[in-house]
Amino acid sequence: MARVYNFSSGPAALPEPVLAQVADELLEWRDAGCSVMEMSHRGAAFTSIIEAAEADLRALLAVPDHYKVLFLQGGATQQFAQIPMNLLAGGRADYFVTGAWSRKAVREAQQIAAAIGGDVRLAASTEADGFRRFLRPKEIRIDPRAAYAHVCTNETIHGVECSDVAPFLTAGVPLVADMSSHILSRRIDVSDYGMIYAGAQKNIGPSGLVIVIVREDLLDRAWPGTPSVMSYRSMADNGSMLNTPPTFAIYVSGLVFRWLRDQGGLEAIEQVNRAKAERLYHFIDTSGFYINEVEVSARSLMNIPFRLKDESLNAAFLAGADEAGLAQLKGHKSVGGMRASIYNAMPLAGVEALVDYMGAFARQHA
Ligand SMILES: *Cc1c(COP(=O)(O)O)cnc(C)c1O
């Protein structure tokens with residue numbers, strides 16, 4: 001077996017000890033007589049699995065008691081539609097666009113608002129600057145009467161991260177954040193947010209699961225036509241089990257939460273993540289051969305897009321990387337170039353191996 005260093009943006013690498021435990025428990029989970037995939041979601045065994053997953057997630061993020069944690073299906077993209085259904089209530093929402101994902105979110109929300117009533121406003125965008133920076137504080141103006149404001153705090157494709165949400169909080173409007181690609185990568189204050197959501201397949205676990213953390217007072221604003229499986233209230237009242245939840249994905253995610261706890265929690269993983277990102281950015285900036293165009297203050301710790309100054313070498317770069325066991329470095333098709341996604345499961349050694357390869361490739365083609 002030869003596991004590579006996997007720089008995929010998602011579905012992404014998982015911690016090896018988690019995969020080993022999954023393999024170990026695959027045929028029979030503890031003394032259940034079957035695998036997690038084969039057991040009733042309402043039985044005692046799975047109940048203990050989902051309860052432990054929720055408790056560990058709450059502990060990692062210090063989620064206050066007046067927030068519900070939901071384990072849902074449909075991915076973050078489905079949330080783009082569910083959020084206005086549940087929170088807009090015929091009112092107005094302010095959306096901030098800082099990359100490809102938040103641009104999708106606002107378009108979807110506008111489509112829903114056109115159908116159910118309400119006004120989704122594009123409050124500010126950095127698209128004119130090629131999504132190479134985050135918003136300046138003075139660009140962050142929120143209507144105090146808005147039902148909510150929406151932001152993507154880490155743009156997976158453009159490699160732009162929000163490092164300070166304080167400017168979003170002054171209007172006192174519930175802030176809804178798409179944290180799909182950096183949840184659990186560093187400490188946050190959950191009470192800054194009305195709602196946090198994240199597709200699991202970047203920094204948590206397998207695809208097919210999206211985590212929603214929502215303040216209880218926001219549960220009763222849904223458009224009356226909201227389907228019950230899309231209603232935060234009905235999912236919250238049914239412990240995320242109005243229908244069958246993605247049981248295996250919840251189980252694996254729970255093991256990742258436990259792994260994170262064993263690493264020392266978010267403070268510890270944040271230190272590792274900062275060291276990893278600094279290593280790669282510093283190398284790129286001083287290489288003379290590679291370039292990252294994101295403004296320094298907005299650079300993501302998780303997704304690092306970069307280009308070769310001589311793009312005619314792209315194919316050779318990727319072929320050599322594959323040969324060296326460094327996989328999935330090709331950038332998103334909308335931006336081209338390369339991208340290294342270095343989520344929690346990527347060890348510092350993986351980043352060192354990437355930097356070594358990039359250095360050798362540069363010397364060879366200088
Ligand atoms: C991947 C991603 C999404 C979409 O997630 P799906 O689970 O594929 O719907 C949305 N937002 C961000 C920031 C992402 O990285």
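Order of listing sets the numbers, starting from 1, for every ligand and every atom in it.
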Is the centre of the Tyr95 ring less than 6.0 Å from the centre of the His150 ring? yes

Ignoring hydrogens and angles, write down the donor-acceptor pairs under 3.5 Å from the side chains of residues 247-259, residues two or more places apart or on other chains.
unit_1: Tyr251; atom_1: OH; unit_2: Glu25; atom_2: OE1; d: 2.6
unit_1: Ser253; atom_1: OG; unit_2: Ala249; atom_2: O; d: 2.8
unit_1: Arg258; atom_1: NE; unit_2: Asp56; atom_2: OD2; d: 2.8
unit_1: Arg258; atom_1: NH2; unit_2: Asp56; atom_2: OD2; d: 3.0

Check whether Asn86 reaches the backbone of Ala222 with its side chain - one donor and one acceptor, N or O, closer than 3.5 Å. no

Which N or O atoms of ligand 1 sit under 3.5 Å from a protein N or O, and how far apart is each pair?
unit_1: ligand 1; atom_1: 7 (O); unit_2: Ala76; atom_2: N; d: 3.2
unit_1: ligand 1; atom_1: 7 (O); unit_2: Gln201; atom_2: NE2; d: 2.9
unit_1: ligand 1; atom_1: 8 (O); unit_2: Gln201; atom_2: NE2; d: 3.4
unit_1: ligand 1; atom_1: 9 (O); unit_2: Ala76; atom_2: N; d: 3.3
unit_1: ligand 1; atom_1: 9 (O); unit_2: Thr77; atom_2: N; d: 2.8
unit_1: ligand 1; atom_1: 9 (O); unit_2: Thr77; atom_2: OG1; d: 2.5
unit_1: ligand 1; atom_1: 11 (N); unit_2: Asp178; atom_2: OD2; d: 2.6
unit_1: ligand 1; atom_1: 15 (O); unit_2: Thr156; atom_2: OG1; d: 2.4
unit_1: ligand 1; atom_1: 15 (O); unit_2: Lys202; atom_2: NZ; d: 2.6

Take the angle between the ring planes of Phe289 and Phe361 and call it parallel below 30°, perpendicular above 60°, tilted in between. perpendicular

Between Ser9 and Lys202, is a side chain to side chain contact (heavy atoms under 4.5 Å, CB included) present by the stated rule, with each step listed? CA-CA 6 Å; Ser9 60; Lys202 275 62 182 257; 5.6 Å; no

Less than 6.0 angstrom separating the ring centers of Tyr193 and Tyr67, yes or no? no

